[in-house]
Amino acid sequence: MTELPKAYNPHDVEDRIYKVWEEKGYFRAKPDPKKKPYSIVIPPPNITGILHMGHALNNTIQDILIRFKRMQGFESEWMPGTDHAGIATQNVVEKKLYREGVKRHDLGREKFVAEVWKWREEYGNTIIRQLKKLGCSCDWERTRFTMDEGLSDAVLEVFIRLYGKGLIYKGNYIINWCPRCMTALSDEESQHKDVDGMLYYIKYPVKDPERGGEDHVVVATTRPETMLGDVAVAVNPEDGRYSHIHGKTLILPLLNRELKLVLDPVVDLKFGTGALKVTPAHDPVDFELGRKHDLEQVNVMNDDGTINSNGGEDYVGLDRFEAREAIIEDLKERGLFVKSEPHRHAVGHCYRCHTMVEPRLSPQWFVRMKPLAEPAIKAVETGDIKFYPERWTKVYLDWMYNIRDWCISRQIWWGHRIPVYYCEQCQDEAGPAAGVIVSKTKPAKCPKCGGREIEQDPDVLDTWFSSWLWPFSTLGWPRETPELKYFYPTNALVTAQEIIFFWVARMIMAGMEFMGGIPFRHVYIHGTVRDATGTKMSKSLGNIIDPLDMIKKYGTDALRFSIISITAQGQDVFLSESKFELGRNFANKLWNASRFILMNLKPGEVAADLCVVYDTAELSFADRWILSRFYSTLRSVGKCLDEYKFNEAANAIYEFFWHEFCDWYIEIVKLSIDRKTTQVILYKVLEKSLRMLHPFMPFVTEEIWQKLPREKDHEGDSIMVQPWPHIQEKMISKEIDEKMGRLIELITAIRNMRAVWNIEPQKAIDVVLNVHEAGGSKAISENIEFIKRLARITDLKIGKFPKPKNSAAAVVKDIEAYVPLEGLIDFDKEKARLAKEAAKLTNEMNAISGRLQDENFLSKAPEDVVGKQRERKSELELQIKKLRENLENIAK
RNA sequence: GGGCACUUAGCUCAGUUGGUUAGAGCGCAUGCCUCACAUGCAUGAGGUCAGAGGUUCAACUCCUCUAGUGCCCACCA
């Protein structure tokens with residue numbers, strides 16, 4: 001028999017084991033008509049990312065699912081990959097080049113993109129390597145990248161199809177503009193954060209030659225610099241304060257531009273002064289007002305957020321915030337500044353660089369979302385796609401019902417370039433699509449006029465425009481591959497909440513549109529990992545607990561088990577380093593228990609066909625109990641995993657293995673360790689427990705499993721390809737569980753007396769058990785040996801005995817346990833102890849008595865509940881009676 | 001402004017469709033290096049389940065309100 005080393009050192013084994021798994025091809029999956037498919041796709045981490053705790057949680061969950069399903073006999077495909085993260089990656093490489101003294105624009109587009117590819121070759125796979133450290137059993141040979149040839153083709157295909165259906169259009173609208181990244185962003189990429197700003201009140205004079213401009217309107221704004229682009233002032237037609245100036249013209253201060261006064265009910269009478277300055281090129285509301293009232297659009301900003309020539313000589317070239325200050329100063333000088341007051345409001349920020357977003361008029365490409373949303377809404381409403389936890393359904397639907405068009409063009413270089421070409425000659429023609437050629441490759445000449453001066457649109461597509469195709473583009477779409485046919489739709493999507501709109505919703509829309517069906521059946525949304533104070537972990541805050549550090553310190557299995565067992569379904573996780581001790585200690589316990597069993601196992605005894613013993617009379621009470629507990633645990637673990645309750649599954653295993661198998665069963669069988677049946681049960685339960693635990697702690701279970709004697713029905717030479725244990729329903733017995741529960745209570749009570757009376761652990765004691773009921777008596781008399789051992793009893797008398805003199809007493813159900821303690825007992829103390837116990841029980845009994853006298857309860861409660869209460873009551877009566885007797889005895 | 005979640009032991013959190021004695025880990029106290037494990041063993045202390053009301057025979061669990069905390073969404077400039 002191979003023995004385990006005294007201590008488990010994760011680092012010795014993890015890399016070695018992982019390599020073997022990979023070499024043996026256990027991670028691979030391919031269409032197999034004889035098996036059912038189970039597939040999930042990894043939420044592609046971006047190539048600039050490194051593994052953080054959120055990834056660790058996310059991927060541990062997925063690996064548990066995949067390993068569980070693989071063991072259950074599914075053809076399990078877990079497809080990994082990364083996305084190119086257009087803006088983030090471009091920023092990273094740009095910064096790197098800048099440090100080397102090279103500017104992006106000096107380099108030129110082609111060379112810059114080549115630099116990004118170089119960077120990605122070098123650093124882009126960091127996260128993949130880290131996922132391997134985490135033990136992820138991904139099908140690495142199918143690793144995909146959103147900029148791969150196949151996936152890129154899918155992106156172009158989709159663009160062309162949507163364009164053909166009229167679902168993609170170009171237009172000049174207000175979009176979110178990041179002046180630092182110098183690109184448009186989608187609504188989702190602009191994250192609202194509350195900002196303490198100011199609300200500025202400014203006088204706009206009324207043009208009135210006769211009265212010399214004394215009359216004025218005060219407007220309120222949070223962004224005074226945008227006044228440079230003002231073309232009107234709007235008031236509510238109902239607003240009596242302004243009825244006298246209806247139809248008049250106003251003068252824009254500083255620039256002396258004439259402003260129309262427009263009347264519109266969207267203006268809120270209660271906000272500010274009820275007068276709204278209208279800047280159609282810099283605000284979505286004003287944009288709509290401008291369209292409605294046919295106003296000019298004056299764009300006053302450059303791409304970098306500085307004021308352009310439309311903003312007047314005094315301000316041109318100033319940054320938007322510098323311009324704000326300058327304008328306020330100038331207004332004050334002219335007596336047009338009324339006041340400013342603190343104003344807290346939500347402002348969009350770039351999700352990549354956190355710069356304040358500038359709403360701005362800009363020609364961009366959009367996807368018309370309403371038609372795509374309809375089938376995606378239905379897929380969730382009908383339950384074809386289910387969210388876990390269920391509450392996310394509402395969040396998803398609310399967003400989908402109110403979906404807005406998606407701005408997909410980005411003014412950066414790294415990404416899929418928009419497959420749109422413009423013919424120089426045709427562009428002058430009228431119509432929105434004039435001169436536009438949509439094509440996967442650059443056409444040699446214009447199909448319309450034959451012109452050869454053709455330029456491609458300089459913009460690239462939003463990264464999510466490739467990610468939303470992930471569930472099928474990774475399987476080969478638009479080609480009809482066998483993989484696509486077999487593995488689509490996938491079974492589950494595991495992801496974090498912050499990505500529901502970015503990714504989950506859009507994948508559903510893409511799946512419905514291009515595959516004609518859902519991309520996944522279940523969406524499991526896990527919680528966000530936060531630090532101990534509840535703040536989201538992020539690099540910039542420096543509150544990161546690095547999973548790789550934790551792996552170094554505690555081991556991968558410890559990391560995995562810890563994070564899973566403290567994460568309740570969908571709840572956020574508050575993490576501190578000490579939490580990882582939980583998993584480390586459990587791995588250690590598992591190791592030592594296994595070591596103990598292996599030390600005592602005789603291979604000859606356990607190599608035989610083992611299932612047979614379940615039916616024999618050879619099984620002891622304890623054997624039956626541990627089997628009952630094991631299968632009951634196995635059953636609930638399977639159920640929990642199917643319901644995405646990973647922590648409950650992990651905790652069920654923890655409780656079973658540590659507190660039932662180790663604390664009780666192993667301790668019990670130390671007496672009969674050489675007995676053949678004991679050997680078989682120890683081996684069986686350990687081996688099956690390892691399999692049950694393998695999805696959670698893949699490395700340590702493999703290492704131990706490799707050292708076990710082999711059964712002939714083991715196929716393959718790794719635990720990860722063993723079948724998930726079969727549940728033996730007939731071995732699960734509530735009755736045995738309950739009986740054992742009594743014995744445990746009894747033994748605990750005796751140990752308690754030992755502790756209370758300070759009896760040295762080594763010192764053996766005599767115990768007298770007064771047993772009244774035949775049933776109870778049997779359970780005890782059959783198990784005398786282990787009761788004696790576990791309570792350290794020398795002489796155990798069972799039967800109807802009077803209370804021995806000078807003895808401590810405990811009452812468990814219908815059993816009294818007496819420990820003769822000649823000379824040791826402080827009678828008053830023992831009396832107090834018993835009295836306290838009796839009082840506690842009396843309290844409970846009074847409550848039950850009350851209930852049992854209540855006619856409503858008796859008539860309306862189900863029978864079994866009433867029955868149980870009656871049972872409990874008589875139990876309590878007996879116990880209390882005995883405790884009282886003992887109290888009296890002590891008095892004597 | 002709308003929505004969601006959370007409030008249970010000193011700390012961090014579980015608690016299955018309402019139904020026996022509300023659990024765990026850590027921490028704490030006491031005693032143990034008992035020949036698998038001190039990353040351990042044994043025993044114990046500690047809870048009006050945020051507050052108020054309601055439904056019910058029965059509420060930690062369902063409903064309403066209040067307070068606090070956190071998150072998401074949102075074009076009141």
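Sequence lines set the chain letters: A, B, ... in the order given, protein chains first and strands last, and positions in each chain run from 1. Side-chain atoms are counted along with the backbone in the values below, which use heavy atoms only and exclude waters and symmetry mates.
Rounded to whole Å, the C1' atom of B:G46 lies 44 Å from the corresponding atom of B:G1. B:C73 and B:C65 are spaced 25 Å apart, taking the P atom of each and rounding to whole Å. The C1' atoms of B:U66 and B:G27 are separated by 34 Å, rounded to the nearest whole Å. Taking atom P on both nucleotides, B:A24 is separated from B:G18 by 24 Å, rounded to a whole Å. Rounded to whole Å, the C1' atom of B:A45 lies 28 Å from the corresponding atom of B:U61. A gap of 6 Å separates the P atoms of B:U8 and B:A50, to the nearest Å. Remark: the separation of the P atoms in B:C13 and B:U39 is 26 Å, to the nearest Å. Remark: the separation of the P atoms in B:G23 and B:G47 is 14 Å, to the nearest Å.
The salt bridge (Lys or Arg N to Asp or Glu O under 4.0 Å) test applied to A:K552 returns no partner, not counting sequence neighbours. Residues that satisfy the salt bridge (Lys or Arg N to Asp or Glu O under 4.0 Å) test with A:K394, not counting sequence neighbours, are A:D398. Under the rule for a ring pair (Phe, Tyr, Trp, His ring centres under 6.0 Å), the partners of A:F502 that lie at least two apart in sequence or sit in another chain are A:Y351, A:W464. Residues meeting the ring pair (Phe, Tyr, Trp, His ring centres under 6.0 Å) test with A:Y201, sequence neighbours left out: none. In this structure, A:F580 has no ring pair (Phe, Tyr, Trp, His ring centres under 6.0 Å) partners at least two apart in sequence or on a different chain. For A:E577, the salt bridge (Lys or Arg N to Asp or Glu O under 4.0 Å) partners are A:K553, not counting sequence neighbours. Taking A:D737 as the reference, A:S628, A:R629 meet the side chain to side chain donor-acceptor pair (under 3.5 Å) condition, with sequence neighbours excluded.
The residue A:K579 sits close only to the backbone: its heavy atoms come under 4.0 Å of sugar-phosphate atoms, none of a base. A:A234 comes within 4.0 angstrom of nothing in the nucleic acid, heavy atoms only. Residue-level contact check: A:I848 touches the backbone only, with heavy atoms under 4.0 Å from sugar-phosphate atoms and none from bases. As judged by a 4.0 angstrom heavy-atom cut-off over every strand, A:A568 is placed among residues touching the sugar-phosphate backbone only. Among the heavy atoms of the strands, none lies under 4.0 Å from A:I566.
Taking a pair as Watson-Crick or G-U wobble with both distances under 3.5 Å, RNA chain B forms stems of 3 or more consecutive pairs at B:1-7 with B:67-73, B:10-13 with B:23-26, B:28-32 with B:40-44, B:50-54 with B:62-66.
The local environment of NZ in A:K292 is crowded, with over 12 non-hydrogen atoms from other residues, nucleotides or ligands closer than 6.0 Å. Shown here is A:E390, whose CD atom has no more than 12 heavy atoms of other residues, nucleotides or ligands within 6.0 Å.
Salt-bridge annotation for A:K734 and A:E738: absent, with no side-chain N of the basic residue lying under 4.0 Å from a carboxylate O of the acidic one. Ion pair A:E225/A:R324 flagged as a salt bridge, since at least one NZ, NE, NH1 or NH2 atom sits closer than 4.0 Å to an Asp/Glu carboxylate oxygen. Taking the charged nitrogens against the carboxylate oxygens, A:E358 and A:R223 do have a contact shorter than 4.0 Å, which makes a salt bridge. Here A:E844 does not pair with A:K840 in a salt bridge; the nearest charged N to carboxylate O distance is not below 4.0 Å.
Donor-acceptor pairing under 3.5 Å is lacking for the side chains of A:N236 and A:D264.
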Does the protein touch nucleotides 55-61 of chain B at the base, only the backbone, or not at all? Give it as B, S and - per nucleotide, heavy atoms under 4.0 Å. --B----

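Cation-pi geometry between A:K670 and A:F596 is met: under 6.0 angstrom from the ring centre, within 45 degrees of the axis.
A close approach under 4.0 Å does not occur between any side-chain nitrogen or oxygen of A:H345 and OP1 or OP2 of B:C75.
RNA chain B lies under 4.0 Å from at least one heavy atom of each of the following residues of residues 285-292 of chain A: A:V285.
Atom-to-atom, CZ of A:F646 to P of B:C13 comes out at 21 Å; the value is rounded to the nearest Å.
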Write out a two-atom table: protein N or O, nucleotide N or O from nucleotides 4-8 of chain B, distance below 3.5 Å.
none

Which protein N or O atoms sit under 3.5 Å from an N or O of nucleotides 37-43 of chain B?
residue, atom, partner, partner atom, Å
B:C37, OP1, A:K6, NZ, 3.2
B:C37, O4', A:N592, OD1, 3.2
B:C37, O4', A:N592, ND2, 3.4
B:C37, O2', A:N588, OD1, 3.1
B:C37, O2', A:N592, ND2, 3.3
B:C37, O2, A:K589, NZ, 2.8
B:C37, N3, A:K589, NZ, 2.9
B:U39, O4', A:R584, NH2, 3.3
B:U39, O4', A:N585, OD1, 3.0
B:U39, O2', A:N588, OD1, 2.8
B:U39, O2, A:R584, O, 3.4
B:G40, OP1, A:N585, ND2, 3.0
B:G40, O3', A:K589, NZ, 3.2
B:C41, OP1, A:K589, NZ, 2.9
B:C41, OP1, A:W658, NE1, 2.6
B:A42, O3', A:R751, NH1, 3.3
B:U43, OP1, A:R751, NH1, 3.4

Test log, rule side chain to side chain donor-acceptor pair (under 3.5 Å), inputs A:S578 and A:E581: CA-CA 6 Å; A:S578 62; A:E581 288 171 8; 5.8 Å; no

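Separation of the A:Y8 and A:W591 ring centroids falls under the 6.0 Å cut-off.
Closest approach to the A:F271 side chain among B:C76, B:U12, B:C72 is made by B:C76 (side chain taken as heavy atoms from C-beta onward).
A residue-by-residue look at A:A220 and A:D187 shows that A:D187 has its nearest nucleotide of RNA chain B further toward the 5' end.
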